Amino acid sequence: MKPHLFEEIIFGPVKSRRFGISLGINLLPVRSKFCNFNCIYCECGWTKKVNKIKGVLPSSKTIINNLIEKINLWSDQSYPIDSITFAGNGEPTLHPNFEEIVKDTLLTRDILLPDANVVVLTNSAMLHKSSVVDVLKKVDSCMFKIDAGTESMFKRINQPLGGITLQKTIDRIKSFPSPPIIQSMFVRGEIDDKIIDNTAPNEVAKWIEKIIEIKPEQVIIYTIDRPTAQPGLEKVTICELSNISHQLKSLGINASIAV
Ligand code: SF4
C-alpha cells in the first residue's frame with residue numbers, strides 16, 4: 001500500500017480529529033520518512049533499515065517563511081486556524097534545530113495567529129535531551145505516544161530502534177514538569193501468523209497500569225484511519241474504544257476518543 005507521505009513543509013490546513021482546523025509542520029524531508037520508531041500502523045510506511053535522513057532538512061528560516069506565506073494565504077478564509085501542529089513524515093524532535101524552529105514558530109504564532117495553539121506530537125524517544133524537554137515546555141500542547149503496557153507489546157507495535165524501552169520512555173514522560181497528555185493508538189492484526197492486539201484485556205490492563213503511573217492530564221485514544229505500513233491491520237470499533245475510555249474514567253482519569 002502506498003504510504004501517506006507529506007509533500008510539503010507546511011501542509012493543510014486539515015480538519016484534525018484532535019486539533020480542529022490545523023496547519024501542519026513537517027520538519028522531516030518531503031516524500032521520505034525518518035523516525036526512531038517503526039510503528040506497524042504508521043501512515044508514512046516503514047522506517048527503512050538504513051534509517052538515514054534522505055534529502056535536505058528544511059532550515060528554520062525556510063520553515064518560518066513557508067509558515068508565514070501559508071498563514072497569509074489562508075487569512076481570507078472565513079474560518080480560523082485553531083492550531084499549528086508539528087507532525088509529518090516521522091518524529092519532529094529528531095530535527096537537529098527542533099528547539100530553534102519551535103521558538104520561531106511560537107513567535108510567528110504570537111504575531112499572526114495569536115488564538116492558535118502550537119501542538120507537538122512526539123513518540124517521546126528524545127526526552128533524554130534536556131533542550132528538547134525545555135522547548136516542549138513552551139508549547140501549548142505536547143502529546144506523548146504510549147500504545148503499550150508491556151515491553152513485548154511496545155516492541156511489537158512500535159518497533160523502536162536502538163535501546164529505547166517502554167519503561168525508559170515512561171520514566172522520561174513522568175519527569176516532564178507538567179502533567180502530560182498521552183495519545184494511544186489501538187489496533188489489531190496478524191503478522192507472521194502471530195496476532196498483535198493491544199485491545200486484549202490483559203494488554204489493556206497493563207497499559208492502564210502505566211497510565212496510572214504517568215498521572216496524565218488527559219488520555220486520547222484512537223484507532224487507524226488511513227492505510228498502514230503493515231497491511232491487514234484492523235480498525236478497533238468505537239464500542240471497544242468506549243469501553244477502554246470508560247475504564248480510565250472510572251479511575252478518575254480524563255479520557256476521550258478521537259474519531
Ligand atoms: S512514531 Fe509516528 S512517525 Fe514514527 S513510526 Fe510511529 S507513527 Fe510513524
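Residues take their numbers from the sequence shown, with the count starting at 1. Keep in mind that this is a model prediction, so the values were computed, not measured.
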Less than 4.5 Å apart, any side-chain heavy atom of [X] and any of [Y]?
X	Y	answer
Leu248	Trp207	yes
Thr105	Ile64	yes
Val132	Leu136	yes
Phe37	Leu161	no
Ile182	Ile214	yes

Side chains of residues 116-125: which donor-acceptor pairs under 3.5 Å do they make with residues two or more places apart or in other chains?
from: Thr122; atom 1: OG1; to: Glu91; atom 2: OE2; distance (Å): 2.7
from: Thr122; atom 1: OG1; to: Ser124; atom 2: N; distance (Å): 3.0
from: Asn123; atom 1: OD1; to: Ala125; atom 2: N; distance (Å): 3.0
from: Asn123; atom 1: ND2; to: Asn36; atom 2: OD1; distance (Å): 2.8

**Request:** Could you pull out all residues at least two apart from Glu69 that satisfy side chain to side chain donor-acceptor pair (under 3.5 Å)?
**Result:**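 Listed in chain order: nothing, the list is empty.
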**Message:** Main chain of Ser22, side chain of Ser16: is a donor-acceptor contact present, judged purely on distance under 3.5 Å?
**Reply:** no
**Message:** Nearest 0.5 Å, please: how far is CD1 in Ile81 from CG in Leu23?
**Reply:**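 Reported to 0.5 Å precision, the distance equals 4.0 Å.
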**Message:** Please report the interatomic distance CD(Gln218) to OG(Ser256), rounded to the nearest 0.5 Å.
**Reply:**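 Gln218 atom CD to Ser256 atom OG measures 4.5 Å (nearest 0.5 Å).
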**Prompt:** Should Lys61 and Asp104 count as an ion pair when the cut-off is N to O under 4.0 Å?
**Reply:**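 Salt bridge between Lys61 and Asp104, a charged N being under 4.0 Å from a carboxylate O: no.
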**Request:** Output yes when Glu240 and Arg188 qualify as a salt bridge under the 4.0 Å nitrogen-oxygen rule, no when they do not.
**Result:** yes
**Request:** Hey, can you tell me if Phe6 and Phe11 have their rings parallel, tilted or perpendicular (30° and 60° cut-offs)?
**Result:**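 It falls in the parallel class, under 30°.
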**Message:** Under 3.5 Å, is there a donor on one side chain and an acceptor on the other for Glu213 and Gln167?
**Reply:**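 Gln167 and Glu213 do have a side-chain donor-acceptor pair below 3.5 Å.
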**Item:** Other ILVMFWY residues reachable from Trp46 by side-chain steps of under 4.5 Å
**Value:**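 Ile40, Tyr41, Met153, Ile157, Met185, Val187, Ile191, Ile196, Tyr222, Ile224, Leu233, all in the cluster of Trp46.
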